[in-house]
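This report refers to the structure that appears directly beneath it.
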Amino acid sequence: MSVEIEFTDDHGSAGGFATEEMTLNMGPQHPSTHGVLRFVVKADGEVMRRAVPDVGYLHRSIEKIAEKVGWHGFMPYTDRVDYVAAMTCNQAWAMAAESLGGVEVPRRAEYCRVIAAELGRICSHLLAFGAMGMDIGAFTPFTHAIREREMINDLLEELCGARLTFNYLRIGGVAWDLPPDYAHKVLRFLDRFIPLVDEFDDLLSNNKIYIERLADVAVISPEMAIAYNLVGPNLRASGVDYDLRRDRPYSVYPDFDFTVPVGKGTWGSVGDCWERYIVRLHEMRESAKIVRQALEGLPGGPVIAKVRRNFKPPAGEVHIRVETPRGDQSWYVVSDGSERPYRVHIRTGSFSAMSIIESLSNGLMIADLVALIASLDVVAPEVDR
Amino acid sequence: MLEFLNGLAAANPEVPGVLLRVAGMLAFGALVVFVFILPVAGITSWVERRVWARIQSRIGPNRVGPGGFLQWLADGLKNLLKEDVIPQAVDEPLFRIAPYLVVAGFVAAFVAIPFGGSLIIADLNIGILYITAITSLVVVGILMAGWSSNNKWSMLGGIRSATQIISYEIPLGLTIFPVVLVSGTLSTQGITAAQGWAPHTWHMFHNPFLLVSFLLFFVCALAEGNRTPFDLPEAESELVAGFATEYSGMRSLLFFLAEWGNLYVIGALVATLFMGGWQVPRFTDDPTLLAVAQFFTIFLKAYFWVFVAMWVRATLPRIRIDQLMALCWKYLVPMALLNTLGTAFFMVLFPEGSLVVRIALVAVVLAIIFVFARRVRFHLARARGLGYGAV
Amino acid sequence: MREYVANVVQAATSIFDGLSVTFSHFFREPYTIQYPDRMPIPVQDTLPYRYRGFLDVDLEICTGCLACQRACPIDCILIETRKDKETKSMLIETFDIDLAKCMYCGLCTEPCPTGSIHHTREFEGADFSLESMVRRFIKEPVTAYKPKKKGEDDPVVAPILERGKRYIAEFADPKDDAPAAAGKGG
């Protein structure tokens, strides 16, 4: 039951009826624009001609703040770049500062970072999974996903004292070592969580209605994905096998054995909404594998290197790329040798994902736009920063 | 009911019998509306929220009254006391009337829905036809609400609703045909009388086509009642709140009242048409006791399907408008036609029905339930298998 | 035709399976915590040791070194100190923390030499005015704490200092086995 809508320009006056396109204002307050996104939709009845994203409603000038608060003080702000997956943003900032200042990070700290970042990735993908189900109209997967997410939040709270804006990493390592008995708790969680991912499959992924809603909808070809600079799961769903953790390894990722899920075109074609969805679900399993390996191979030693409180890296610039749940997040940091960064620029995955929506929107239905936004996993704060 | 009215007419010869009957019907109708429909619709909202909550690992409303049972009263009171906001740019008369039409549409359906052997407001000889016709009044109200709201999301919702309900009238009507063929009457009481209390005498087990018909009827009825997976008119993630976007307070609640009330209509129709309605074994000669038993029988059967509708709603995603149409015209209508033809052929082959076929169909349904139970056990074991504990 | 039947079969089986998953949830326990009134123990007690709630200052062991004020990225801590001419000791005159501004990042607690400024497990602070969100810890000037070489002997200050030291130690080496997140379902 795929949509085949042919649109020509004279469609509007077919049959002698003079019809006109209507302009719908979707957002900034709309149930399916997670956060405050706004789309100006030109629609012919249910069928869209054009959806123009309007960004900037959640702009907090984080890049400018970095120039004022100093190297250590910017760490809590990086939580707010992408508050759904704060840990990876922490990691990017820490890596940038460390590579500028030539700080050697203890191995145990790197392991702690990976454990925290991968738990955060599961967290973020759970939210994406639940929100996707909810946007398609199934409410139950959302609460189930949030239920599991709460458990990870509990774990991370025990690790660093906060549930959303972690501020766990420091320049030179991590703030706290793993709490006592932490490995056991995490493993117990993973043991019960992974079978539940299969349950999510039975509940939602393989549902015929769900497949019909998503398969072959808003197909992004690999060429288009690269041209629009899609990153992360969105890129991999289009069949491009590229993951920074494997292809440009950073931290201690080379130590771990994991596979990178790529879109296969199970129900529709490679690069449709369903593939983007299922790639995330598979990534949760892979992240769980990484966490397991990291906990098993956890080395001893300190968790933070000696870094001066008045941290002044030498003048220079650095470009750091980190695989966040929403893909390749690149940080360009310039230091002029003072106690504050001279310039910070962040390029995030959600922003490029937003830019592709306009070119995909022609001929989609309004319900498909909702599915498309959800499948791209656009997080509003990451778009605007 | 009729006997009672006849007796009343005999006792008061000075009053014309017709008048008494009309007065009796109206009185019983009013009784049904206030004592039955409104509480049932309200309680359904509470039950739905509890059922949803349990499926979603939550608790649901549990503060007002025992187990939150009085939540529906509290919500109703709250909404009655709220300001009835009428936006400036709306088409005011239509905007005000629309919720009443919606409620009228579903309340009027209760005229021909039996509550027991003698408990029915009016045993119309075209009962089932009347119900399918009168429930279409709901679409007028929804369309009116969507149009008069002067809001594009509302209008989209209203138009979706009109498209949906009008299209699904056709397969709905076609799935009723086989039942009418088998029982030979359109009257709801007549259809019930053609069945017995034992499961194998129900219409849904009459022949394989009727079993399919029964499933199709339930699907179409869900679509008629704007329930998930067919809740496109008020698709929350797409159209904000669809046709109800601009409504507030009690007017908004009236739409939901109609939705929950409609659930009972759906359940009662399924029970009447396919599941033997109020038929109970004749265990006593006391007419009052029998009437009570009959009432509870049909109520429980109907409420089972209300529960299934809630459960389906908590499980399935929403389908898209073009898929909705494709499902209707490519799948439901042809299959419903096939069922009508098949039932007709079956009745030529077995004019008296076939006990073997009936027993076999009951066995098939039992087998499906068994497989289902196994599957549920499998899911429970998987979730608990690895030290998961009770979740 | 084959596709037609396959579609119907796939729809039926997948919906059947989905329904079985949801039905199985009737036999699982709900997960809700009915905060705040129906908790077996107060929420504060279920929070881990590292929980970053409201900031609190133990003035008995505050050295007035201003390290926390400098570490704060949003300047929500205001400390004013003055040298007392007569006793040659430092007086802390103001110690304000604007909890409305505070983002609970914990950066101020790390450089504190004695663990005087620390996070509590309190988090319920809703109020009607911004003004009341400013916690003023000092009413009258207090003498700053001076670390003693041979250890603290004052019976009042010693336990507080011990707690503070333990709090700082947490950053490097966890000792306290925080109460497990009890009462959080599961």
Side-chain angles (χ1 to χ4, degrees), chain B residues 49-63 67-68 212 215-216 218-219 222 228-229 307-317 319 323 326-327 330-332 334-335 338 367-385 387-391, chain C residues 1-51 121-128 174 177-186:
Chain B
R49 289 170 67 182
R50 291 288 283 200
V51 166
W52 262 53
R54 280 315 300 272
I55 286 176
Q56 300 178 341
S57 296
R58 296 186 287 118
I59 297 174
N62 63 347
R63 299 293 172 107
V212 178
L215 289 174
L216 295 186
F218 188 63
V219 172
L222 283 182
T228 313
F307 165 74
V308 171
M310 293 165 181
W311 170 27
V312 165
R313 185 175 178 198
T315 309
L316 296 184
I319 71 177
Q323 291 164 353
L327 177 68
K330 284 186 189 163
Y331 291 84
L332 296 180
M335 281 158 90
L338 204 71
I368 291 173
I369 292 173
F370 178 71
V371 172
F372 182 80
R374 289 285 298 272
R375 198 68 197 155
V376 170
R377 257 187 62 194
F378 165 74
H379 288 304
L380 279 173
R382 182 167 62 186
R384 279 183 188 155
Y388 205 161
V391 176
Chain C
M1 190 64 206
R2 173 172 290 175
E3 199 194 332
Y4 188 91
V5 177
N7 272 341
V8 174
V9 170
Q10 197 199 350
T13 50
S14 65
I15 290 172
F16 181 81
D17 215 26
L19 286 174
S20 70
V21 171
T22 43
F23 196 79
S24 76
H25 274 82
F26 288 116
F27 304 107
R28 306 184 198 187
E29 276 173 22
Y31 203 72
T32 313
I33 301 167
Q34 299 201 55
Y35 169 82
D37 58 333
R38 293 195 190 170
M39 296 280 296
I41 39 172
V43 187
Q44 278 83 352
D45 294 348
T46 68
L47 297 172
Y49 183 68
R50 290 174 184 178
Y51 183 78
R121 289 189 218 163
E122 292 299 322
F123 56 86
E124 287 165 327
D127 211 312
F128 287 103
D177 200 348
K184 294 207 169 182

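The sequence lines fix the lettering, A, B, ..., with proteins before strands; numbering per chain opens at 1.
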Heavy-atom proximity to chain C below 4.5 Å, by part of B/I55: both
Portion of B/V308 that has a non-hydrogen atom of chain C nearer than 4.5 angstrom: neither
Which portion of B/I368 sits near chain C, non-hydrogen atoms under 4.5 angstrom: both
Student check: side-chain heavy atoms of B/N62 and C/Q34 closer than 4.5 Å: yes
pair C/R28-B/S57: side-chain heavy atoms closer than 4.5 Å: no
Closest non-hydrogen atom pair, B/L216 against B/M335: CD1-CB, 3.8 Å
Options B/R63, B/Q56, B/R58, B/R375, ranked by heavy-atom pairs under 4.5 Å with chain C, top entry: B/R63
Side-chain heavy atoms of C/I15 within contact of B/T315, under 4.5 Å: no
Whether B/W311 and B/F372 hold their rings parallel, tilted or perpendicular, with breakpoints at 30° and 60°: perpendicular
Per-residue contact mode, B/P317 against chain C (heavy atom under 4.5 angstrom): neither
